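One is the number of the first residue; the rest follow in order along the sequence. Given the structure is predicted, the values throughout are model-derived calculations rather than measurements. Counting starts at 1 for both ligands and their atoms, following the listed order.
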Amino acid sequence: MSKSDAADGVREDRQRGPLKKVIAIYPGSFDPPTNGHLDLIERGSKIFDELIVAILRNPEKNPLFSLEERREMLDSLTSHFRNVRVDTFGGLTVDYAAKVKADAVLRGIRAISDYEYELQMALMNRKLQPELETVFMMPAGKYSYLSSRLVREIAHLGGSIKGLVPDMVERRLKGKFLDPEKLHHHHRSRKAGRRA
Ligand code: PNS
């Protein structure tokens, strides 16, 4: 960003005149946030003037981490980015984008397998809101096989997820699976006296 950033969201440029700040939203479930998400947030923060990480409030899904837990984790994991903030949203992504005056939707594509679904969403969102652009970015290759779903499964089954999620998420995942009280999607029998 140039030194002459104006408070009204418009920056001046001698050659090109007033330039609008480009705002992007990065929508997703983030259940939990992974190093792949953080890699994409970092890349997005370099390209866009403002990046809003938007956690979907989806009453149909039964998440492992509550909306508040996910917001708390993402808030703390992104606090060092000056142009990134975290929010939650319900309803259509295009409606939320309009509400926060976003110009673009940021999504990550890991492999060809992501492409078909992402293309479908991008084109559907374009049909709903032609002015909103979807921008795809590729996370680092070392995260190309990483997903929140696999992280949940591996953590649940006691495998190591070191290096795939931030330490804070790793600790919280361990806490969830060690303490059945913290799980909301699993009905484990809590028989008294079964402690090892
Ligand atoms: O992290 P995810 O689960 O892959 O994110 C999917 C998300 C949140 C981007 C998508 O489900 C979404 O946009 N949901 C909001 C409802 C909506 O706009 N649906 C129509 C999409 S074309």
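- Ligand 1 lies under 4.0 Å from heavy atoms of Gly28, Ser29, Leu56, Lys61, Gly91, Leu92, Thr93, Arg107, Met121, Met124, Asn125.
- Surrounding CD1 of Ile112 are at most 12 heavy atoms belonging to other residues, nucleotides or ligands under 6.0 Å away.
- Within 6.0 Å of the CE atom in Met137, the count of heavy atoms belonging to other residues, nucleotides or ligands exceeds 12.
- Taking the side chain as every heavy atom from C-beta outward, Glu133 and Asp103 never approach each other to under 4.5 Å.
- We find that Glu72 and Arg172 are joined by a salt bridge, their nearest charged nitrogen and carboxylate oxygen being less than 4.0 Å apart.
- Under the side-chain contact (heavy atoms from CB on, under 4.5 Å) rule, Pro32 has a single partner from Arg152, Glu170, Glu69, which is Arg152.
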Review item, side-chain donor-acceptor pairs of residues 85-102, under 3.5 Å, at least two apart:
from, atom 1, to, atom 2, distance (Å)
Arg85, NE, Glu50, OE2, 3.3
Asp87, OD2, Tyr96, OH, 2.7
Thr88, OG1, Arg57, NH1, 3.1

